[in-house]
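Have a look at the structure below, then the notes.
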Amino acid sequence: MLMTTEFKFNTVEESRIDKVNLKELPFGSVFSDHQFQMEFKGGEWQQGVFGPYGDMTLSPAAMGLHYGQAIFEGMKAFRQPDGSVALFRPMENIRRFNKSAERMSMALLDEGLFLNALIELIKLDEQWVPDGSESSLYIRPFMFASEAHVGVRPSDEYRFIIFTCPVGPYYKGNVRVKVETFFTRAAPGGTGYAKAAGNYAASLQPTAMARDEGYDQILWTDAVEHKYIEESGTMNVVFVLNGKLVSPSVGDTVLSGVTRDSVLRLAAYKGYEIEERKVAVAELKAGAESGALTEAFGVGTAATMTPIEAIGFPGVDVALPPVESWKLMPDLAKTLDDLRRGKGEDPFGWRVVI
Ligand SMILES: *Cc1c(COP(=O)(O)O)cnc(C)c1O
């Protein structure tokens, strides 16, 4: 593992933090003072540099812009009751980043170095971690092909960057989702399990069309038959069916979310019954119509949990019971939030205090 002393620090002379109201934060458009940047070239990673967050120069022929070698991660750091800051399961994101890199034929990162860089960056911009009960520091590591070259092949050069955004609550409100039976997010053998930039671009048009039809988000189904539920927008989904927490299994077409895994493991720990399996659209529809489906929600780092108030099946929309009557989602949301904010038990050692 590379020691942090091997990083170069080119820190800002004056912080911008006095110009920011940390009590009122839009999501994802306020950026902390610093970023971490490291270049891959000549077959190896160069020295990592902490420098000011800011615009960068790039060749118009940078391969990532043309052929899509671009991946990202999303994670959060939370202020703890004693004033310290903790990351939540960072190694999960780091490992997933390398899985995405592998699928996109990009350079892999040393996991220890990645973690050190994250920790140093949070330390450097420690004062940017908001302490509001619904605020946190959103962390965006990403990498793209930077070699100037026209022609499809893996790039020989990459740029790896981590920047952070202090964020407030990400209220999407309750959402109406459309079961998508034409467009596909991910196919077997494809790239659905990777956080690859192109996956998100491809979801925009179907989502815009669903919006035009009065829905907020898509409930993706399998690419082969459109018969099984996969995930919702950029969140995994969890259903409460006959009192059990049921979530579609993850695999190469369903991204393995850290939030999903955390919610399910905490639920099992608390004694709830959980099932990770295929969830048929027909089963969900029957459950929604009979009342067996009592709760449905999206789970992901940005919003944590998003209640689904209605599901648009082909030909019929079915409303769920009013969100105010739900029991499991609020309980699990509080358990997870307390854990991340250092106010609750951490039975699995998920908090990494820095
Ligand atoms: C990021 C992401 C999720 C959620 O993953 P978390 O690790 O919980 O943030 C789910 N689905 C897709 C497609 C995603 O990109």
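Numbering of ligands and ligand atoms starts at 1, following listing order. The first residue of the sequence shown is numbered 1, and numbering continues consecutively from there.
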(message) Salt bridge check, R260 against E276: does any charged N sit closer than 4.0 Å to a carboxylate O?
(response)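 Yes, E276 and R260 are salt-bridged.
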(message) Among residues at least two apart in sequence or on other chains, which ones pass salt bridge (charged side-chain N to carboxylate O under 4.0 Å, His left out) with K334?
(response)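 K334 satisfies salt bridge (charged side-chain N to carboxylate O under 4.0 Å, His left out) with D338 only.
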(message) I need the full list of ring-ring contact (aromatic ring centres under 6.0 Å, His included) pairs touching residues 333-354, with sequence neighbours left out, sorted by first then second residue.
(response)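 Qualifying pairs, neighbours excluded: F88-W350, Y269-F348, F348-W350.
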(request) Would you check if the distance from the ring center of Y138 to the ring center of Y170 is below 6.0 Å? (result)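 Between Y170 and Y138, which both carry aromatic rings, the centre distance is not below 6.0 Å.
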Can you pull every nitrogen or oxygen pair between ligand 1 and the protein closer than 3.5 angstrom?
residue	atom	partner	partner atom	Å
ligand 1	7 (O)	R96	NH1	2.9
ligand 1	7 (O)	R96	NH2	3.0
ligand 1	7 (O)	V258	N	2.8
ligand 1	8 (O)	V258	N	3.3
ligand 1	8 (O)	T259	N	2.9
ligand 1	8 (O)	T259	OG1	2.6
ligand 1	9 (O)	T301	N	3.0
ligand 1	9 (O)	T301	OG1	2.6
ligand 1	11 (N)	E231	OE1	2.5
ligand 1	11 (N)	T234	O	3.4
ligand 1	15 (O)	K195	NZ	2.7
ligand 1	15 (O)	Y200	OH	2.4

(request) Give a yes or no on whether F7 and L121 share a hydrophobic cluster (residues Ile, Leu, Val, Met, Phe, Trp, Tyr; joining criterion: side-chain heavy atoms under 4.5 Å apart). (result)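 Yes; tracing contacts between hydrophobic side chains, which count when under 4.5 Å, links both residues.
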(request) Name all residues meeting the ring-ring contact (aromatic ring centres under 6.0 Å, His included) criterion together with Y228; count only those two or more places apart in sequence or in a different chain, and write none if there are none. (result)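 Testing Y228 for ring-ring contact (aromatic ring centres under 6.0 Å, His included), a comparison that skips the adjacent residues, returns none.
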